[in-house]
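So that the names make sense, note that chain A is the first sequence line, chain B the second, and so on, each numbered from 1.
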Amino acid sequence: MSVIEINNLTKYYGKARGIIDVSFSVNEGEIFGFIGPNGAGKSTTIRILLALIYPTSGSASIFGKDCIAEGPEIRREIGYLPSEVFYYDNMRVIDLLQYSASFYKNIDKNRIYKLAEIMDLDLNRKIEDLSYGNKKKVGIVQGLLHQPRLIILDEPTSGLDPLMQQKFFDLIHEENKNGATVLFSSHILSEVQKLCSRVTIIKEGRIISIEDINALKRNNYKKFIIDMDEAVSEDYFNIEGVADLAVDKTTFTFLFKGDINQMIDKIHGKRLNNLRIEEPALEEIFMHYYEKEE
Amino acid sequence: MIILIYAGMLKYSGFAAAGQSVNDLFKQFPASVKAVLGLGELDITSVLGYYAVFYLYFLLLTGVHAVMLGTVIIAKEEHDKTADFLFVKPVMRSKIVTAKLIAVLINITILNLTTLVASVVFVEMFNTGPPITDKILQLMGSLLIFQLLFASIGAGIAALTRNIKKATSLSASVLLTAFIVSAAIDLYNKIDFLKYITPFKYFPAAEVIRTGTYAPLFLLLSLLLITLFTAITYYFMDKRDITI
């Protein structure tokens, strides 16, 4: 069953492009990555899901209900953490969290304290006295305190130190294990790699690909770094299936997709200084996608 | 506001003591000065006349308060970027608007009642003639309508303005323009028809005091405008793209 269903969603801000013809769906119980450079349209898509903005055309539904028409009802089950958090400066953290909780029914009040403890958040400080990282923690707690069935994270890790990022990821994993579906938007691929099972890539307002993250890594590309001991022509390795070929003197670096024996045959009988075959980082695969599209 | 009224009435005791000479002095003022000060044809040595002059300042002050309050309370969430917190909560936008408008109503009423109490207390403190409490009550009634009108205008402007930062300056200009137009009407009788566009002229103090009622036409007009701007606020807040 899909929790989020987006069909041909298009949004223009006046004449400026927001997103064009975006379609994808997120299944129940998965952590779905939403990847793209800044300004690609990730936030635009998310803001439509939350009915903060209205689509120019197309539709989006969550739990089978239309995001716009049934927004308030849907949002009972959504926890949202924006990339930049802003709260009422003169409130104390605990007051803000209780105010936030007051919007939901059947809240477990202890959860505020439990989450605050995990995230190491001081509940008695005033919002205006908090550092950016601490405000972010407030955001995490207020986004999760009502045990949402769908968690929407829009570039959530900015401002969190690595330790807190890890705690945050653990928390998200925990929620996911308890049945929450997660939409995770980011331009940092390593964190998506860590967390997500499937990803969609958005670029200049359009979806360019939807992939299973393991399949993406497993089936597709190997990264070759070959340091030659004898001279070969620059496009010696430029056979079918090779991408992003870079030559630095005697060192050849490229991604290869295809029958590995073909490449072994090419190397066979040549003198090498060094050879490394690696799993490419997702960054490299995505860079390859971006470039292919251009 | 309380201090203003107290200081104002303190000054009145001086005027009253000086008697007729003050009236003569003001008569010599050029018409334009009298118009801006709101003196008109009132006898400011009588406590009622003096208080009626005061009324213009009440209009100005509460008008600024109301129009700014209306604008800011609607525009604030986007301006302070707290909109991403509030508007993703499971409530209809109209409910949020309602809560905010009720807050405006309470705030405005408190200011009105404060003005009322301070007026009654300090006027009686310096009043040497018969009590004018009933007149003050009537004036506060029209003041409240005036406040509501400008609060709804402010809220409407905030809901209509795409760039929220422009909303407050736009609201302030509307109020100021309305005031200048009303002063201009006092100067040139020929533009009397403009009184329909400036709430400052809907319930002139002198008329309220003289007739003891509010002009039905302007009462109706006020009601219509308040309804219109409130509807605008609801409609455009609902249709609005919340961007921060």
(message) With a sphere of 6.0 Å drawn around CZ of R92(A), does it hold more than 12 non-hydrogen atoms of other residues, nucleotides or ligands?
(response) yes

(message) With heavy-atom distances below 4.5 Å as the criterion, would you say the side chains of L86(B) and Y88(A) are in contact?
(response) yes

(request) Identify the residues of residues 75-87 of chain A whose heavy atoms come closer than 4.5 Å to a heavy atom of chain B, ordered by number, or report 'none'. (result) R75(A), R76(A), Y80(A), P82(A), F86(A), Y87(A)

(message) Please classify the contact of K95(B) with chain A as side chain, backbone, both or neither, using a heavy-atom distance under 4.5 Å.
(response) neither

(request) Tell me, for R93(B) versus chain A, whether the close heavy atoms (under 4.5 Å) come from the side chain, the backbone, both or neither. (result) side chain

(request) Could you give me the CA-CA distance, side-chain angles and deciding distance for K89(B) and H146(A), then say whether side-chain contact (heavy atoms from CB on, under 4.5 Å) is met? (result) CA-CA 11 Å; K89(B) 296 292 173 224; H146(A) 53 293; 5.5 Å; no

(request) With rounding to the nearest 0.5 Å, note down the distance linking CD1 in I127(A) to OG1 in T82(B). (result) 11.0 Å

(request) Kindly write out the residues that satisfy side-chain contact (heavy atoms from CB on, under 4.5 Å) with D129(A), not counting sequence neighbours, or none if the list is empty. (result) R125(A), K126(A)

(request) Using non-hydrogen atoms and a 4.5 Å limit, figure out which bit of K105(A) sits close to chain B: side chain, backbone, both or neither. (result) neither

(message) How close do V88(B) and L50(A) get, counting heavy atoms only, and between which atoms?
(response) CG1-CD1, 4.0 Å

(message) Let me confirm one number: the CG-CG distance from D84(B) to L52(A), rounded to the nearest 0.5 Å.
(response) 5.5 Å

(request) Check each atom of D80(B) against the heavy atoms of chain A and say whether the ones under 4.5 Å are side chain, backbone, both or neither. (result) backbone

(message) Are there residues of residues 54-72 of chain A whose heavy atoms fall under 4.5 Å of chain B's heavy atoms? If so, which?
(response) Y54(A), P72(A)

(request) Evaluate the ring planes of F85(B) and Y99(A), with Trp represented by its six-membered ring, and classify them as parallel (under 30°), tilted (30 to 60°) or perpendicular (over 60°). (result) tilted

(request) Give, as side chain, backbone, both or neither, the part of S100(A) having an atom under 4.5 angstrom from any heavy atom of chain B. (result) both

(request) With sequence neighbours excluded, tell me which residues meet side-chain hydrogen bond (donor to acceptor under 3.5 Å, both in side chains) with S142(B). (result) Y55(B)

(request) Can you see which heavy atom on F103(A) is nearest to which on P90(B), and at what distance? (result) O-CG, 3.5 Å

(message) Strictly distance-based, threshold 3.5 Å: is any side-chain N or O of R47(A) a donor or acceptor partner for the main-chain N or O of I242(B)?
(response) yes

(request) Kindly check if the number of other-residue, nucleotide or ligand heavy atoms within 6.0 Å of CD (E117(A)) is above 12? (result) no

